[in-house]
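Side-chain atoms are counted along with the backbone in the values below, which use heavy atoms only and exclude waters and symmetry mates.
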Amino acid sequence: MNRIVLVFILFVLLSTLLPVIFRLFRRGGGPRDKARAVVAYAQKRGYPLVNHSIAQVLDESALEMMRNPALKNVTRASSDITDIEGLDNGTGDWLAFTCTLGSKEVTIFNLNETVLVHSSGRGLPYKVAKIKVAALPRFSLGRNSVVHAVETVTNRLVGKSNAVIALDSSQSPEFSAHYWIKGADRAAVKEFLSPSKVKFIENAKLPGILATNTNYLVYFEDGVLVEEGDFDSFIARIETIIANLL
């Protein structure tokens, strides 16, 4: 292997790893600090943890954790929602908690989604709630943004269908001006998104994305759950979503 190839490999590794390292020192500290925040909040509120065994070994070294047999079969909180666009390449979801909101089982967790930017990995931190509910039409919905506009153009360039669903702008002008919807079954999605639900989304001005798969309604938005107020406000938003959409 010649020197040029080695330099290229080193460049790729650094461009991928350095952003990850830097993110560890952002708000909330490293993965262990964020995990401790999840554990502390769940214990205070009496919510069960998805992987309780991890909470008991957070002070162990990385090597000890790798050798711990109790951690060999941990459950990733996002493992059953990876078919949702934007949540298919995440990490850091190994510690989550469940709660019951409006009679629905909800799992709350942080997720660091890795996306490629100029051939290098970049992490996007998300606050995620997956709400257990079946038989919803498949769709995703969010506010218009520069990021979404770029994704739409990119999909067109590579010949990927965007499956855009347009509502009647005369009946919901505010929604049509500020939100996008994607889904395969337009009739089913429009039937689910009744005028009252569309009005709720308009008024709530949800900053994140709503999406569904076979078993869940998922809501995710930018940010990290670290402080108690972060969890409280996010859960309050999920309660409002459940009350108005389900």
Practice item. Report the distance from atom OG1 of Thr98 to atom CG of Leu49, rounding to the nearest 0.5 Å. Key: 8.5 Å

Point to revise | Derivation and outcome, side-chain hydrogen bond (donor to acceptor under 3.5 Å, both in side chains), residues Asn144 and Tyr179 | key: CA-CA 5 Å; Asn144 292 329; Tyr179 289 87; over 6 Å; no

**Study point:** Ser233 and Glu227, any side-chain heavy atoms less than 4.5 Å apart
**Key:** no

**Study point:** Smallest separation among heavy atoms of Leu206 and Arg143, with atom names
**Key:** O-CD, 3.2 Å

Review point. Is it true that a side-chain atom of Ser79 and a backbone atom of Arg76 form a donor plus acceptor pair closer than 3.5 Å?
Key: yes

Point to revise | Straight-line distance of His178 NE2 to Ser172 OG, nearest 0.5 Å | key: 12.5 Å

Point to revise | Pairwise side-chain contact, Asp80 with Tyr216, heavy-atom cut-off 4.5 Å (strictly under) | key: yes

Check your understanding: Do the non-hydrogen side-chain atoms of Ile181 and Leu167 ever get within less than 4.5 Å of each other?
Key -> yes

Check your understanding: Is the distance between the ring centroids of Phe109 and Phe97 less than 6.0 Å?
Key -> no

**Study point:** Non-hydrogen side-chain atoms of Val218 and Leu210 separated by less than 4.5 Å
**Key:** no

Point to revise | Chi angles and distances behind the side-chain hydrogen bond (donor to acceptor under 3.5 Å, both in side chains) call for Asp88, Thr82 | key: CA-CA 4 Å; Asp88 54 349; Thr82 55; over 6 Å; no

Point to revise | Smallest separation among heavy atoms of Asn51 and Thr75, with atom names | key: ND2-O, 2.6 Å

Check your understanding: Does the side chain of Tyr126 come under 3.5 Å of the side chain of Asn110 through a donor N or O and an acceptor N or O?
Key -> no

Revision key, fill the gap. Shortest non-hydrogen pair, Leu193 vs Leu141, comes out as CD1-CD1, 3.9 Å

Exercise for review: Flag the pair Glu85 and Lys182 as a salt bridge only when some basic side-chain nitrogen lies within less than 4.0 angstrom of an acidic carboxylate oxygen.
Suggested key: yes

Practice item. Work out which heavy atom in Gly102 is nearest to a heavy atom in Ile242; give both atom names and the distance. Key: O-CG2, 4.1 Å

Practice item. Kindly indicate whether the side chain of Ile131, heavy atoms from C-beta on, has any atom under 4.5 Å from the side chain of Leu246. Key: yes

Practice item. For Ile209 and Tyr219, run side chain to side chain contact (heavy atoms under 4.5 Å, CB included): C-alpha distance rounded to whole Å, both residues' side-chain angles, the deciding distance at 0.1 Å, then the answer. Key: CA-CA 6 Å; Ile209 293 176; Tyr219 175 76; 6.0 Å; no

Exercise for review: For side chain to side chain contact (heavy atoms under 4.5 Å, CB included), just list the numbers for Leu124 and Asn112, CA-CA rounded to whole Å, side-chain angles, deciding distance to a tenth of an Å, and then say yes or no.
Suggested key: CA-CA 5 Å; Leu124 298 176; Asn112 199 61; 5.9 Å; no

Review point. Less than 4.5 Å apart, any side-chain heavy atom of Pro137 and any of Asp185?
Key: no

Exercise for review: Find the distance between CZ (Arg36) and CD (Gln43) and round it off to the nearest 0.5 Å.
Suggested key: 12.5 Å

Exercise for review: Supply the atom-to-atom distance Ile54 CD1 to Arg32 CZ, rounded to the nearest 0.5 angstrom.
Suggested key: 11.0 Å

Check your understanding: Considering all heavy atoms of both residues, which atom of Ile238 and which atom of Ala129 are nearest to each other, and what is their separation?
Key -> CD1-CB, 3.5 Å

Check your understanding: Thinking salt bridges, do Asp83 and Arg138 make one under a 4.0 Å N-O criterion?
Key -> yes

Check your understanding: Rounded to the nearest 0.5 Å, what separation is found between the OG1 atom of Thr100 and the NZ atom of Lys132?
Key -> 13.0 Å

Check your understanding: Is there side-chain contact between Phe192 and Leu136, with heavy atoms separated by less than 4.5 Å?
Key -> yes

Practice item. Indicate, with yes or no, if Val106 and Val50 share a hydrophobic cluster defined by side-chain heavy-atom contacts under 4.5 Å among Ile, Leu, Val, Met, Phe, Trp and Tyr. Key: no

Exercise for review: Determine the minimum heavy-atom distance between Ala35 and Leu95, stating which atoms define it.
Suggested key: O-CD2, 3.4 Å

Check your understanding: Under a 4.0 Å N-O cut-off, is there an ion pair linking Asp222 with Lys127?
Key -> no

Check your understanding: Is there a side-chain contact between Ile81 and Ser78, using heavy atoms and a 4.5 Å cut-off?
Key -> yes

Check your understanding: Just wondering, are more than 12 heavy atoms of other shown residues or ligands nearer than 6.0 Å to NZ in Lys197?
Key -> yes

Exercise for review: Please round to the nearest 0.5 Å and tell me the distance separating atom CG of Asn244 and atom CD1 of Ile201.
Suggested key: 9.5 Å

Check your understanding: Just checking, is any N or O donor in the side chain of Tyr41 or Asp232 under 3.5 Å from an acceptor N or O on the other one?
Key -> yes

Check your understanding: Got a salt bridge between Glu228 and Arg45, using NZ or NE/NH1/NH2 to carboxylate O under 4.0 Å?
Key -> yes

Check your understanding: Looking only at atom types and distance, does a side-chain atom of Glu202 sit under 3.5 Å from a main-chain N or O of Phe175, one as donor and one as acceptor?
Key -> yes

